[in-house]
Amino acid sequence: MPRRSPFVITRREFLYLSGAAALTAACGTGGSATTTTVPTTLAGTGAGTTAAPVEGGPEVSFVEPAEQLSGELKILLWSHFVPAHDSWFDPFAQEWGEMVGVDVTVDHIAVADVPAAIASEIQSGQPEHDLMQYIAVLSQHEPSVVDMADVVQEAENRYGTMLDLTRRSSFNPNTEKYYAYAPSWVPDPGDYRRSLWEAVGFPDGPASYDDLLQGGSEIFSSEGVQLGIGMSQEIDSNMALRGLLWSFGAGIQDENENVIINSDATIAAIEYMNELFAGAMTPEVFAWNAASNNQGLNSGELSYILNSISAYRTAQDEGLEVADDIFFTPALAGPETALVASHVMYNWIVPDAPDVNVAAAKEFLLHYTENLAPVAWNSKLYDFPAFPDRVPDLTGWIDSDPFGSNPADKLKVLNTSLDWATNIGHPGPANPAVGQIFGESIIPVMFAEAAQGAKSPQQAVEDAEAQINAIFDDWRGQGLVGGG
Amino acid sequence: MTSTTRQPRYLGDNPRFLAGLFMSPAVIYIIALVGFPFVLAIIYAFTDISTGNPDLEFVGLATFRRVLADPVFRDSLWNTFLFAVVANVLVVILATALAEILIRDFKGKWLVRFLVLLPWVAPVSLATITWLWTLDSIFSPIDWLLRQAGLITENMYWLGRPGTAMTSVIAVQAWRIVPLAAVIVLAGLIAIPKDITDAVAVDGAGFWRRMFQVTIPLLAPIIAVAVLFGVILTISDMSVVYVLTRGGPTNSTQVLSTWAFIKGIEGGALAQGAAVALFLLPVLIGITAVVLRLARRREVL
């Protein structure tokens, strides 16, 4: 009988060994998953960007919860455009948890991934997170989330009336339900390069859409620097073009949620955009993603964009020369008014599902509201409060930017932002139909088709109207949208 | 004399048990990650379910009627067809040429093989983001090269114009699939009996004659398999289009897979998203059946 080598194993031994190894590996994985606690400051901050918390600023204050809390609170939110915010937020949440006896976990994911994550968690019926946040309205999830009316009521009792802007972005008047809690928002000013606009006679930047067309076209023809109002299938284009519609007296819906997109005012807005594109822009605006206008401004390739202050803060943080040349304007005046959409509208939702720690989630939101001043400070004045009384120093900070603006009052236009900011469903609420139209980028496509000459303005509007009507009909059928 | 079949003494020696054991991970994987979502999608498509409302209310074919009435869906259907056909014609031509090169001996062959396989082994999202930067409207290095060569005076705006955007997504998809197809065709080339190629050489056939009258007819079943993989990967994958254009500009690169995602997840109309995703299923099944039948017939011949 041949002698067996010690290095040869039989098929049976191989199977036994493989099974044992797999079992060991499984036990090891399971053990680490259940016993290891990931420090919240390091837990999944998107692309791995971390930043030191901002020095100084207001202290965090604490109000004892109304009831005894326990268990876990898992929070899902975006990776903030100002990374310093996340470096502050995660220990802020965890420290609150330690004080009230709740084990808090914070998961940040890239903003583009948040809608799919929330949708899948809610669809599963067993959400992983107790509290989820997004930077736009989440009205489509209304049937599956907890009513936040009690949180709003308690916050208003403590901190005064909530802004109508945020209320209309979190409350459905048809069902009288707060499908989300919106304690903060972000303004969307115009960002312009002063050196370029000064040279064409607009040292304070454009004040109206007529100024934008005139000055932008001159800069483009003399300096070869275009301006950038996106007509792409992404979030910033959606925001910017709604502002243009409203300022021309047009809109998607009226205050009673009836579709009004097919109007002379919409045609006029499209014709204006065609002229602006021909005179002051290039086809790059059809290809933009959410970061493109920021990158274009900071690389010196754009003379004007509609955006929050995040692009400017990035330029400051990276020591770019262009930072000192970036200034801000309020919403541009159109033939009817001067309005833009809020750049970000925070919506916090609590899934209506078994095992969700509703009490802890709601108490945390009240704690967050209590500390809207540290929120504004640590986001470097990016996040604005829905309860202005909670941040009494905001006006002063804006008038003299504590984060090194040159000149220090560069951001002062933000002090008037409530006069020219509105919600995406303006003049109606931000209902699920409006949210779906936003998600499918019907408005940017309507403008782009006309600007490219693929359709006449009238045809582009009629095609958009057909899609919009179908979407409104769907949601009306579910009782979530009024009008009709 | 009679032969007796010995029963295996241990479970580990039982071939039937082992076959089931080794197959089970694949079967569980397919049921859990393909079968279950597939059945769910069929159910969803006949309801009015949305991302926020998991209640299943059956509405018959209403969801399909709504989807068919949507002009973006019709554009997406045409784009999907164009995307799949053009990309895979390119794939077959390039993969056959590449396989012809890779089968020869030359210096640095291993490096070339490595580089050829790189697009396939690199994560698709990562590779596509690289293309996103390469095709950037302002800073595209392709534009820079074309400008240096005096071929263009202004940027191409690859992803900003409908025609160049579609060209770009087709090119990137072909670039991604060519390595897989090349490896499949290479395996087929290696399998061609040497006596046939020797006989052809003795008969004095030139390169083109050998290619079109001997090599390609013998490779046809293999190429059919490569086409099958390519078409399915192109139609079912949304990464390239989603990362490069999100279906834009003006939905000119919107394909069924991206539109299903945008409609179902980003728009919240889950039922319509499921209906869009299912739409090409009968077509894909048909393509698969025809291609496999053709491949088998060629093998028999």
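Per chain, numbering begins at 1; letters A, B, ... match sequence-line order. Computation of the quantities below employed the complete heavy-atom set of this structure, encompassing side-chain atoms and omitting hydrogens, waters and symmetry-equivalent molecules. Remember, it's a predicted structure, so these values are computed and weren't measured experimentally.
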For this session: Check the pair Phe286(A), Thr250(B) against side-chain contact (heavy atoms from CB on, under 4.5 Å), reporting the backbone distance first and the verdict last.
Result: CA-CA 8 Å; Phe286(A) 302 123; Thr250(B) 60; 5.6 Å; no

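Looking at Glu449(A), the atoms closer than 4.5 Å to chain B (heavy atoms on both sides) sit in the backbone and in the side chain alike. Residue Tyr242(B) does not touch chain A at all, counting heavy-atom pairs closer than 4.5 Å. In this structure, chain A has no heavy atom under 4.5 Å from any part of Leu135(B). In this structure, chain A has a heavy atom under 4.5 Å from the side chain of Asp70(B), while its backbone stays farther away. Proximity to chain A (any heavy atom under 4.5 Å) is shown, for Leu244(B), by neither the backbone nor the side chain. Neither the backbone nor the side chain of Trp158(B) has a heavy atom closer than 4.5 Å to any heavy atom of chain A.
Heavy-atom minimum distance, Ala287(A) versus Ser137(B): CB-OG, 4.1 Å. What you find for Thr51(B) and Ala119(A) is that their closest heavy atoms are CG2-CB, 3.8 Å. The minimum heavy-atom distance linking Ala116(A) with Phe261(B) is given by the pair CB-CZ, 4.1 Å.
Here the CD-CD distance, from Gln254(B) to Gln233(A), works out to 6.0 Å after rounding to the nearest 0.5 Å. For the atom pair Leu159(B) CG and Ser292(A) OG, the distance stands at 10.0 Å (nearest 0.5 Å). The distance from the CD1 atom of Ile265(B) to the OG atom of Ser120(A) is 7.5 Å, given to the nearest 0.5 Å.
Using modelled atom types and a 3.5 Å distance limit, the side chains of Gln140(A) and Asn53(B) yield no donor-acceptor pair. Inspection of the Asp474(A) and Gln272(B) side chains reveals an N or O donor paired with an N or O acceptor under 3.5 Å.
Inter-residue side-chain proximity for Ile442(A) and Val72(B) is flagged as unmet; no heavy-atom pair is nearer than 4.5 Å. You'll find the side chain of Phe139(B) reaches within 4.5 Å of the side chain of Glu301(A), heavy atoms only.
No donor-acceptor pair under 3.5 Å is formed between the side chain of Glu284(A) and the backbone N or O of Gly160(B). Judged by distance alone, with hydrogens and angles left aside, the side-chain atoms of Arg66(B) form a donor-acceptor pair with the main-chain N or O of Ala470(A) at under 3.5 Å. Checking side-chain atoms of Gln123(A) against main-chain N and O of Ser50(B) turns up a donor-acceptor pair under 3.5 Å.
Glu440(A) has a carboxylate O that lies under 4.0 Å from a charged side-chain N of Lys263(B), or vice versa, which qualifies the two as a salt bridge.
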